[in-house]
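Only one structure is covered here, and it is reproduced in the block below.
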There are 2 protein chains.
Amino acid sequence: MPRTGLSPEEARQRAVEIAVVRIRENGFVKLRLADVAREMGVSHAALYGHFRDKAALLDAVTGHWLREARARTAVICAGSAPAAERIEEWFVTRYRIKSARALSDPEIFYGFNDATESERPVIRVYMQQMRRDLSGLLSEAGLGGEAEATLLEEALASFLHPALIGAGPKPEREDALRRLLRVLLAGLAASREGGT
Amino acid sequence: MPRTGLSPEEARQRAVEIAVVRIRENGFVKLRLADVAREMGVSHAALYGHFRDKAALLDAVTGHWLREARARTAVICAGSAPAAERIEEWFVTRYRIKSARALSDPEIFYGFNDATESERPVIRVYMQQMRRDLSGLLSEAGLGGEAEATLLEEALASFLHPALIGAGPKPEREDALRRLLRVLLAGLAASREGGT
DNA sequence: CCGATTACAGAATCGCAAAAATGTAATCAA
DNA sequence: TTGATTACATTTTTGCGATTCTGTAATCGG
């Protein structure tokens, strides 16, 4: 009966906000659409006007979280330091953000991990954006493009994949990441010289 | 009353054999000590004379499986081909064995994955052995030692870690592994020249 | 003494009925 | 027409007693 007074876009945002709070409180797997709907002041069926199903709302939560994370790495791409330095900074920042969040926001992180395991489109899109960002840095550094970005992404999975990254940033892990990355960049540089 | 007629060592082996069959049939998580004991013709309590607890039996199963896997990579270390080739062969073989087994023996593989997640000592020991084997190959190739072996192990987690490896060997994954490994070896060689 | 047994306490799992949540359809109001 | 509602079918979870398993202790036999 009484209209919500929110635009579709606002309603979506509001639902995601509420879901985030509920997930932090009760856990990712225990989120109930009924709770979100009640807190919005609508019937649970109304949510289906904004999200195809529960998975879509959960994806929206994950997507929101990933966009926040990307915002913090994207500024590095636009920096003025030498490209090689920015590449290292870019990866280290990703490591720090994810490991910190695995500790401070474990339930949302669980959702991220879950979406990754089940290869949800929201993850594919995020990975594509990250690959493009990295690809840009690599070509600035004269070290390659998309293919090399994919290669680096795979090589650093130990430090970035949600299933392998530990909870809480660890200096020794960060050092190991830097060492590995330098070997990789040296290897790409060498391949480039030899293989041209 | 009636003694088993098996030496302690034989009894352990027999229990592991039976457990492997039962796990393949009923699944890793559903293994019952009672079933293993019954099939051995003893009471379930007798098993506690051979294994501290159920986890120890499960570890023995995983350890057995890992020793089999290692036997197939160890021969490569002793081969006569150039060290660089043997390194590539060594990693590719590991990838093939694991991905094949994830498909053909999923329940035992599940146990391996589980033991990895919970960082059981049996996994630590296995990793140490593999690192030592690789370390030997690397020093033969003049590319480093333990530290570099650790670095390669981390860099190739995408292709070897049970949580990330897919079920069933895929040629394109094998190619990606080879490409990444070559970049890494080139990088190690370059670091070695520059950093000596 | 060694290896196995029976007996038993505590923990984990099973089965199933009741309750709740998800998703769909028909409908209603601004 | 759009966005929401109520009603309802279908899954999924929950609660909980009964059962089964795990692990320990005391004991037995060769």
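Note on naming: letters A, B, ... go to the chains in the order of the sequence lines (proteins, then strands), and numbering restarts at 1 for each one. Because only heavy atoms are used, hydrogens play no part in the values below, and waters and symmetry mates are left out as well, while side chains stay in.
Residues Ala45(A) and Val29(A) both approach DNA chain D. Their nearest nucleotides, taken by heavy-atom distance, put Ala45(A) toward the 5′ side. Where Arg52(A) and Arg38(A) each meet DNA chain C at their nearest nucleotide, the meeting point lying more 5' is that of Arg38(A).
In this structure, Ser43(B) reaches the dT5(C) phosphate: one of its side-chain N or O atoms is under 4.0 Å from OP1 or OP2.
Backbone-only contact: Ala34(B) has heavy atoms under 4.0 Å from sugar-phosphate atoms and none from a base. Within 4.0 Å of Leu57(A), counting heavy atoms only, lies no atom of the nucleic acid at all.
Counting to the nearest Å, the P atom of dA12(C) and the NZ atom of Lys30(B) are 18 Å from each other. Across the protein-nucleic acid pair, Leu47(B) atom CG and dT6(C) atom P stand 14 Å apart, rounded to whole Å. Regarding Leu58(A), its CG atom lies at a distance of 10 Å from the P atom of dT22(C), rounded to whole Å. To the nearest angstrom, P of dT11(D) lies 17 Å from CG of Leu33(A). Straight-line distance from the CZ atom of Arg12(A) to the C1' atom of dG3(D): 15 Å, rounded to whole Å. The distance from atom CG of Leu31(B) to atom P of dT13(C) is 13 Å, rounded to the nearest whole Å. The separation between Phe51(A) atom CZ and dG3(D) atom P is 14 Å, rounded to whole Å. Between Lys54(A) atom NZ and dT13(D) atom C1' the separation is 10 Å, expressed in whole Å.
Taking only side-chain atoms of His44(A), from C-beta outward, the nucleotide of dA7(D), dC21(D), dA7(C) with the closest atom is dA7(D). Distances from the side chain of His50(B) to the nucleotides dA4(C), dA25(C), dA7(C) place dA4(C) closest. When the nucleotides dT22(D), dT5(D), dT5(C) are ranked by their closest atom to the side chain of Tyr48(B), dT22(D) comes out on top. Taking only side-chain atoms of Arg32(A), from C-beta outward, the nucleotide of dT5(D), dG23(D), dT14(D) with the closest atom is dT14(D). Nearest to the side chain of Asp53(A), among dG23(C), dT22(D), dT22(C), sits dG23(C).
Taking every heavy atom of both residues into account, Cys77(B) and Trp90(B) meet most closely at SG-NE1, 3.7 Å.
No more than 12 heavy atoms of other residues, nucleotides or ligands sit less than 6.0 Å from atom CD of Glu119(B).
Arg178(B) has a carboxylate O that lies under 4.0 Å from a charged side-chain N of Glu88(B), or vice versa, which qualifies the two as a salt bridge.
Taking 4.5 Å as the limit, every side-chain heavy atom of Asp114(A) sits out of range of all side-chain heavy atoms of Thr62(A). Side-chain atoms of Lys30(B) and Arg22(B), non-hydrogen and from C-beta on, never get closer than 4.5 Å to each other.
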